[in-house]
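In what follows, a structure is listed as C-alpha cells, so that the remarks can point back to it.
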Number of protein chains: 2
Amino acid sequence: MSGKKKRQVAPDAGLSKQRVVMEAIRIADREGVHGLSMRRLAGALGAGAMSLYYYVANKEELLDAMIDIVFEEIELPPAETDWQSAMRRRAASTRQVLARHPWAISLMESRTSPGPANLRHREAVTACLRGAGFSVLMATHANWLLDSYVYGFALQEASLPFDTADELANMTEDVYLPQLPPDEFPYLNESAAALVAAGYDPAEEFIFGLGLILGALEPLRASA
Amino acid sequence: MSGKKKRQVAPDAGLSKQRVVMEAIRIADREGVHGLSMRRLAGALGAGAMSLYYYVANKEELLDAMIDIVFEEIELPPAETDWQSAMRRRAASTRQVLARHPWAISLMESRTSPGPANLRHREAVTACLRGAGFSVLMATHANWLLDSYVYGFALQEASLPFDTADELANMTEDVYLPQLPPDEFPYLNESAAALVAAGYDPAEEFIFGLGLILGALEPLRASA
DNA sequence: TCGTACAGTGTACGACGTACGGTGTACGAA
DNA sequence: TTCGTACACCGTACGTCGTACACTGTACGA
C-alpha cells in the first residue's frame, strides 16, 4: 500500500492529503466545524468538491485526520525533568492547542478510534508516569484523572463567551448578572462580583487545579 | 410576554415545547445528534416539519432547550450531608446523566449561555462549597476543578467504543492491540494487558479520581 | 503507439434548515 | 348570529449539504 511513486511536480502545486487536511483545520479554526463543508474546502484549495475524495474517503475520515493533526501539535512530556514538571508541560500544551482549535474538543466525543499521534502521546505520558514509579494500575488512574481534567477544562474554557479579562467584566455586568436575581442566586452573584473585582485568568485557574491533582498523585507513586 | 391564555385541550393532544424537546432528546439518545433533524422530529410527533417552528425559533434554540432538560435531570448536591458526600452524589449523578445523553457533552462546547437548570445547579454547588467553609475564591477554584473533572471524564467515557467489561476485553484484543506494535508502544501494551486481566469499571475509575480531588480540596477550606 | 494508473471533475440525488405565505379553528365582542 | 383576530399548524420552495457515479486528460512504462 505504501511506497507510491510520486511524479515530480512543483512542490506546492496540486493537492495532497496534507494540504487538504491543513486547509480544513484553517477553516475550522476561523469558522468552526459548522463552517467546514467539502465545497468550501475545495473552493479554498482552488479545486472541485469531488477532488477531495481522492484524498479522503469521506468527511468522517477528514475529521479524524484533522483531530490527529491537532494531537500532533501537542507537546510530549519532556523526558529530562521530574514527572510533575513533565505533566505540567504537556498539560499546558494540550490546553493551548485545544484553545487554538476549539472544534477539536467537540469532535473527540464522536470519534471513537484514536489516531497515531494520539497513541504516541498516550504512550509517552504512560512512559513518564511508569518511569516516575507509578504502578501499572496507578498510571492508568493518573492518566484518566489528568486527561479528564485537561479535556474538561478545555471544554469549559471553549464555552466561555469571552477571551479577555475586559470582555469578562463587560459580559458579566451586562449579560450575566441581569439574568441572576440576587435572591434566587445569592452565591453566583457573590462569585461573579468577586471575579469582576479580582480579574480572572483561565491560565491561572488551570494551573491551580493541575497543581492540586499532581500534588495528590505524588504520594501514590512508589518512589524507587 | 408571559401569561398566555391556553385553550383547554385534551392533555396530551397537540404539540407543546415540552413534548417537542422531550421527543428530540429521545431521538438524540437513540441515534445521536446527527440523527436528529427537524423533519424526523416532526415525523416522530406526527406533525409537519414547520410546525416545530411555532415552539422553537430555530434548531439552535431546540438544542439549547435539550441541554437544559439534561441539566434538570442532574441531582443537586443534597444539603443534609457533609460537603464531600454532597459533591460525590452530584458528580455521580452528572456522570450518569451525561452517559445517558452522550450527545449533550459535545453540544456543551458550542452553547455559550447557560440555561436556567444549569444556573440552578451551579448555585446549589457553590452554596454547598461556601457552606463547607471555602472562601469565595476557593469555591470558584473548586467549581472549575470538579466540573472539569466530571465533564472531561464524561467526554472520555463517551468516546469509549464499549459499554461492558466483556466488550472491552474483546475490543482490546481484536482491535486495539493489533494496532500497537509492542516495540513502539511497550507501555500501552502493558496497560492494555493489565486492563484485560483485571477487568475495568469506569464507575470505579471515576470514584478514584473524584476521591483524590476531594481529598486534596479538604485542607483548603477554613473549617468554621 | 498504446494501455494503464493517476489526479481531478460535472452532474445529479436525496436530505438538510428554514423563509414565506398560507389554512382552519376557537374565541371574544358586536 | 356574525365577524375579526389570534392561535396552531402546514405545504412549498430555496439554497446548501455529503457523496455516488461516470467521466476526462495527462504522464509514464512497455
Side-chain angles (χ1 to χ4, degrees), chain A residues 1-25 27-28 30-67 103 106-107 110-111, chain B residues 1-25 27-28 30-67 103 106-107 110-111:
Chain A
M1 279 307 156
S2 71
K4 258 193 265 194
K5 270 179 239 165
K6 287 273 168 196
R7 234 156 297 155
Q8 65 276 27
V9 281
D12 61 316
L15 299 177
S16 71
K17 180 155 183 177
Q18 167 102 323
R19 237 163 75 71
V20 167
V21 178
M22 288 304 193
E23 187 60 37
I25 290 179
I27 293 177
R30 221 179 316 116
E31 331 189 16
V33 240
H34 191 73
L36 175 67
S37 80
M38 299 304 265
R39 281 179 241 257
R40 258 186 66 55
L41 175 54
L45 291 163
M50 290 314 292
S51 307
L52 304 178
Y53 288 89
Y54 187 74
Y55 299 99
V56 290
N58 46 44
K59 199 181 182 182
E60 291 287 288
E61 197 188 285
L62 173 66
L63 295 175
D64 280 336
M66 291 168 66
I67 290 262
W103 47 268
S106 43
L107 249 46
S110 42
R111 252 112 277 288
Chain B
M1 280 309 157
S2 70
K4 255 193 267 192
K5 269 179 237 162
K6 288 274 169 194
R7 232 156 300 155
Q8 66 274 30
V9 280
D12 62 316
L15 300 178
S16 71
K17 181 154 182 177
Q18 167 100 323
R19 235 161 77 70
V20 167
V21 178
M22 288 303 193
E23 187 59 37
I25 291 180
I27 292 176
R30 222 179 315 117
E31 331 190 15
V33 239
H34 191 73
L36 176 67
S37 80
M38 298 305 266
R39 282 179 241 256
R40 258 185 67 54
L41 175 53
L45 291 163
M50 290 314 290
S51 307
L52 304 178
Y53 288 88
Y54 187 74
Y55 300 98
V56 289
N58 46 44
K59 198 181 184 183
E60 290 289 287
E61 197 188 285
L62 173 66
L63 295 175
D64 280 337
M66 290 168 66
I67 291 263
W103 47 267
S106 44
L107 249 46
S110 41
R111 253 112 277 287

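Each chain gets a letter, A, B and so on, in the order the sequences are listed, and its residues count up from 1.
Within the structure, salt bridge (charged side-chain N to carboxylate O under 4.0 Å, His left out) pairs that include any residue of residues 44-57 of chain B do not occur (at least two apart or interchain).
Under the side-chain contact (heavy atoms from CB on, under 4.5 Å) criterion, A:Met22 pairs with A:Gln18, A:Arg26, A:Ile69, sequence neighbours left out. Here A:Ser110 pairs with nothing under the side-chain hydrogen bond (donor to acceptor under 3.5 Å, both in side chains) rule; sequence neighbours left out. Partners of A:Arg40 according to the side-chain contact (heavy atoms from CB on, under 4.5 Å) rule, which considers only residues two or more places apart in sequence or in another chain, are A:Ile27, A:Arg30, A:Glu31, A:Ser37. Contacts of B:Ser51 classified as side-chain contact (heavy atoms from CB on, under 4.5 Å), with partners at least two apart in sequence or in another chain: B:Leu15, B:Ala47. Under the side-chain hydrogen bond (donor to acceptor under 3.5 Å, both in side chains) criterion, B:Glu61 pairs with B:Lys17, not counting sequence neighbours.
Here the C1' atom of nucleotide C:dA7 and the CG atom of A:Leu45 are 14 Å apart, to the nearest Å. Across the protein-nucleic acid pair, A:Arg19 atom CZ and C:dA7 atom P stand 14 Å apart, rounded to whole Å. For B:Leu41 and C:dA15, the CG to P distance is 17 Å, given to the nearest whole Å. Atom pair B:His34:NE2 and C:dC16:P shows a separation of 9 Å (rounding to whole Å applied).
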Reading nucleotides 17-25 of chain D 5' to 3', which nucleotides get B (base under 4.0 Å from a protein heavy atom), which S (sugar-phosphate only), which -?
BBBBB----

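No side-chain heavy atom of A:Val20 sits under 4.5 Å from any side-chain heavy atom of A:Met38.
Across every strand in view, C:dA15 sits in a pair with D:dT16 that passes the Watson-Crick or G-U test at under 3.5 angstrom.
The CD atom of A:Glu60 lies 4.5 Å from the CZ atom of A:Arg111; values are rounded to the nearest 0.5 Å.
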Atom pairs, N/O to N/O, protein against nucleotides 21-24 of chain C, distance under 3.5 Å?
none

